[in-house]
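One structure is given here, and the rest of the page talks about it.
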Amino acid sequence: MLDIKLIRENAKHVRERLATRHGGDEVKIDEILSLDEQRRSLLHEVEQLKASRNRVSKEIGTLMGQKRLEEAEAKKTETREIGDKIVELDKAVVETEKALHELMVRLPNLPHASVALGHTAEDNPLIRLFGEPAHFSSTPATHIEICERLKLVDFARGVKLSGSGFLLYTHWGARLERALIQFLLDLHIHEHGYTEVAPPYIVGRHCMEGVGQFPKFADQAYAVQEGQDGSTLGALYLVPTAEAPVANIHREEILKENQLPISYVAYSPCFRAEAGAAGLGTRGMIRIHQFDKVELIKIVKPEDGYAELEKLVGHAERVLQLLGLHYRVISLCSGDMGFTSAKTYDIEVWAPGQGQFLEVSSCSNCEDFQARRMSLRYKTEGGENKLPHILNGSGTALARLFVALIETHQQPDGSVLIPEPLRHYLRTDRIQA
RNA sequence: GGAGAGAUGGCUGAGUGGUUUAAGGCGCACGCCUGGAAAGCGUGAUUACCGAAAGGUAACGGGGGUUCGAAUCCCCCUCUCUCCUCCA
């Protein structure tokens, strides 16, 4: 959520910045301004009435104490009318605030000044390229072929169990997936100083709203129903990312300045309905309904937000470097950025069998956009309450990392060579049929 | 799932319709005192919104109701604790 004061005082700037986003020209700034104006004027009126009611009520109390009953009764009659008016105005205030809130939560974040203007992925500037694509003397196999040959994933039975978009990892595939999770967590804990948390995989609606998944992207989440009566439907959701629970850990709290920065790392499965992506477009593991991910979350002072974002990207990149993978980092242009983000770097890893780069990490600074939604603040040494910046980054998403790994390290004999840092987790240096 | 007991400020804990603008204690900050500390004394400390300011309004788990006036009375919900039941 944006600061209403910023909109009030600098509507032109907000409108212009939002217009650079995808769909940003539909933004209802005028409506917001008029509701805000209406709200403040109603508030002023009703608060004056309440002040006078409080005053008279106190007088009634005094009169009652002095047994001056008829005088008290007269004042009661007088105040009763004020009370009716207050009820009416209170109702108007609530309605106005609700309407205002509805519009406010649908407003995307302002892009940071350093974000390139653009419309689509074509306009995303390349920041850097690491390594080189693996060289093959003949056409490299796709991950689907490798998985079938080495029995890493049983695609058909995954579909049998849960429908298309769900994977059954088998044998070495299951072990490789688990080894990767362990490797990622250990890397971020021991080398990058993150604190591990293991969050719930189901969260309440308020958490989804807090990170900005809701209300706009509600159709992308799986709603959980408890029992058969459906009474809990709409209240609980499978997490689309660990960001949903983890970023909300300190919601509605006032942290002390010396608690910052906070750095959390969490593993979770991620559940995405991918509504609208009929048939998911691709066979294989590229776009699925459930995948594993290790997520990095930072809560930092605003002045540190962008330095921390650079560090965060570096931490995610380290994963790919250690696994010997070729990748590129791009900065999303204004039109391609997510709803909550002020600035986003995507990391895309090269998958030789696909012949394309796959997005395995998205690192964003949401500035105070989420903090305001979840009412997370910190108290400065000077005693002032401020909103922290909240950052999130994949460190990294697993299924696609799995793909890049086996496609990159496949050998002419059909086996897959395991990169050194993974070997002791997997207790082998090679997966073969 | 069943029965009972609870939910008040950073913590503890009073308060059962009107100087409660929430007592007292602990802890915290600042000051006095001190060679320095402790003790003692004094002062200050919640959050949100409106307002240029003075100031005002709201919040005692959440929501609704009664009343001129609700922490206090009534209804609904949530959560916590204890004991059963079930269960990995």
Side-chain angles (χ1 to χ4, degrees), chain A residues 1-9 32-105 198 200-207 209-210 224-237 245 248-259 368 371-388:
Chain A
M1 210 153 59
L2 297 177
D3 186 356
I4 184 69
K5 286 181 198 136
L6 178 69
I7 300 176
R8 199 185 291 155
E9 284 155 21
I32 286 173
L33 285 172
S34 102
L35 282 169
D36 176 52
E37 185 56 45
Q38 188 182 332
R39 167 179 167 273
R40 286 188 296 153
S41 113
L42 284 168
L43 216 46
H44 180 73
E45 195 179 344
V46 74
E47 285 184 359
Q48 273 193 332
L49 288 175
K50 283 180 179 174
S52 74
R53 180 180 66 182
N54 288 346
R55 205 180 323 112
V56 178
S57 286
K58 200 161 281 183
E59 287 167 20
I60 293 172
T62 311
L63 291 171
M64 301 279 278
Q66 298 168 347
K67 303 284 181 207
R68 291 156 70 181
L69 298 180
E70 355 31 273
E71 287 171 70
E73 281 306 321
K75 293 221 182 254
K76 281 190 192 182
T77 314
E78 176 192 328
T79 323
R80 205 167 282 139
E81 287 166 28
I82 300 180
D84 292 343
K85 186 76 182 156
I86 287 173
V87 169
E88 195 181 302
L89 285 172
D90 263 342
K91 206 179 288 174
V93 169
V94 169
E95 275 165 19
T96 308
E97 282 181 344
K98 202 175 150 199
L100 180 59
H101 187 76
E102 280 299 304
L103 294 178
M104 288 295 288
V105 295
Y201 302 152
I202 295 177
V203 294
R205 160 171 281 275
H206 56 289
C207 288
E209 286 166 353
V224 175
Q225 174 174 331
E226 199 182 304
Q228 287 303 308
D229 68 349
S231 59
T232 58
L233 199 66
L236 295 171
Y237 298 85
N248 276 289
I249 287 175
H250 299 288
R251 78 189 330 270
E252 289 156 52
E253 291 181 22
I254 301 176
L255 301 169
K256 295 196 184 81
E257 183 166 12
N258 64 18
Q259 288 178 266
D368 60 15
R372 188 174 291 105
R373 281 177 168 246
M374 61 180 74
S375 188
L376 164 59
R377 292 149 294 167
Y378 72 97
K379 197 178 281 291
T380 64
E381 304 293 351
E384 189 192 354
N385 288 337
K386 292 178 75 175
L387 295 162

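Just so you know, these numbers come straight off a predicted model, no measurement behind them. Labels below follow one simple rule: chain letters A, B, ... track the order of the sequence lines, proteins then strands, and each chain is numbered from 1.
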Using a 4.0 Å heavy-atom cut-off to protein, can you give one letter per nucleotide of nucleotides 49-62 of chain B, 5' to 3': B if the base is in contact, S if only the sugar-phosphate is, - if neither?
SSS----BBS----
Could you run through nucleotides 72-79 of chain B and give me one letter per nucleotide, 5' to 3': B if any protein heavy atom sits under 4.0 Å from the base, S if only the sugar-phosphate is that close, - if neither?
--------
To the nearest Å, give me how far apart [atom1] ([X]) and [atom2] ([N]) are.
X: A:Gln259; N: B:G10; atom1: CD; atom2: C1'; value: 13 Å
X: A:Leu255; N: B:G10; atom1: CG; atom2: P; value: 14 Å
X: A:Lys379; N: B:C28; atom1: NZ; atom2: P; value: 18 Å
X: A:Arg373; N: B:A48; atom1: CZ; atom2: C1'; value: 19 Å
X: A:Glu381; N: B:A29; atom1: CD; atom2: C1'; value: 13 Å

With sequence neighbours excluded, what pairs up with [X] under the salt bridge (charged side-chain N to carboxylate O under 4.0 Å, His left out) test?
X: A:Glu102; result: A:Arg106
X: A:Glu37; result: A:Arg40
X: A:Glu253; result: none
X: A:Asp3; result: none

A:Glu209 vs A:Val105, side chain to side chain contact (heavy atoms under 4.5 Å, CB included): CA-CA, chis, key distance, verdict
CA-CA 8 Å; A:Glu209 286 166 353; A:Val105 295; over 6 Å; no
I'd like the [atom1] distance from [M] over to [N], given in whole Å.
N: B:A23; M: B:A39; atom1: C1'; result: 25 Å
N: B:U34; M: B:A29; atom1: P; result: 22 Å
N: B:C75; M: B:A70; atom1: C1'; result: 15 Å
N: B:U72; M: B:G18; atom1: C1'; result: 12 Å
N: B:G27; M: B:G44; atom1: C1'; result: 15 Å
N: B:A71; M: B:U82; atom1: P; result: 31 Å
N: B:U8; M: B:A3; atom1: P; result: 25 Å

If you find the nucleotide of RNA chain B closest to A:Ser57 and the one closest to A:Asn385, which residue's nucleotide is nearer the 5' end?
A:Ser57
Could you pull out all residues at least two apart from A:Glu257 that satisfy side-chain contact (heavy atoms from CB on, under 4.5 Å)?
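Applying side-chain contact (heavy atoms from CB on, under 4.5 Å) to A:Glu257 gives A:Lys301, A:Tyr378, A:Thr380, A:Glu381.
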Side chain to side chain, A:Ile82 and A:Ser52, heavy atoms closer than 4.5 Å
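The answer is yes; the side chains approach within 4.5 Å.
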Do A:Asn248 and A:Val203 have side-chain heavy atoms sitting under 4.5 Å apart?
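They are not in side-chain contact.
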Review item, nucleotides 19-23 of chain B N/O atoms under 3.5 Å of protein N/O:
none

Return the residues of residues 73-91 of chain A meeting this criterion: a heavy atom under 4.0 Å from some atom of RNA chain B. Order them by number, or give none.
A:Lys76, A:Thr79, A:Arg80
Show every side-chain hydrogen bond (donor to acceptor under 3.5 Å, both in side chains) that has at least one partner inside residues 78-94 of chain A, sequence neighbours left out.
A:Lys50-A:Asp90
Quick test of your reading of the model: are A:Lys98 and A:Glu95 salt-bridged, counting only N-O distances below 4.0 Å?
no
Give RNA chain B the dot-bracket treatment, 5' to 3': Watson-Crick (N1-N3 with N6-O4 or O6-N4) or G-U (N1-O2, O6-N3) under 3.5 Å, [ ] crossing, | other strand.
((((((((.[[[..)..(.....]]].(((((.......))))).(((((....))))).[[[[[..)....]]]]])))))))....
With rounding to the nearest 0.5 angstrom, report the [atom1] to [atom2] distance, [X] to [Y].
X: A:Ile32; Y: A:Asp36; atom1: CD1; atom2: CG; answer: 9.0 Å
X: A:His206; Y: A:Arg251; atom1: NE2; atom2: CZ; answer: 5.0 Å
X: A:Glu73; Y: A:Thr77; atom1: CD; atom2: OG1; answer: 6.5 Å
X: A:Cys207; Y: A:Met374; atom1: SG; atom2: CE; answer: 7.5 Å

Report the residues that fulfil side chain to side chain donor-acceptor pair (under 3.5 Å) with A:Arg39, sequence neighbours left out, ordered by chain and then residue number.
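Result, side chain to side chain donor-acceptor pair (under 3.5 Å) vs A:Arg39: A:Glu97.
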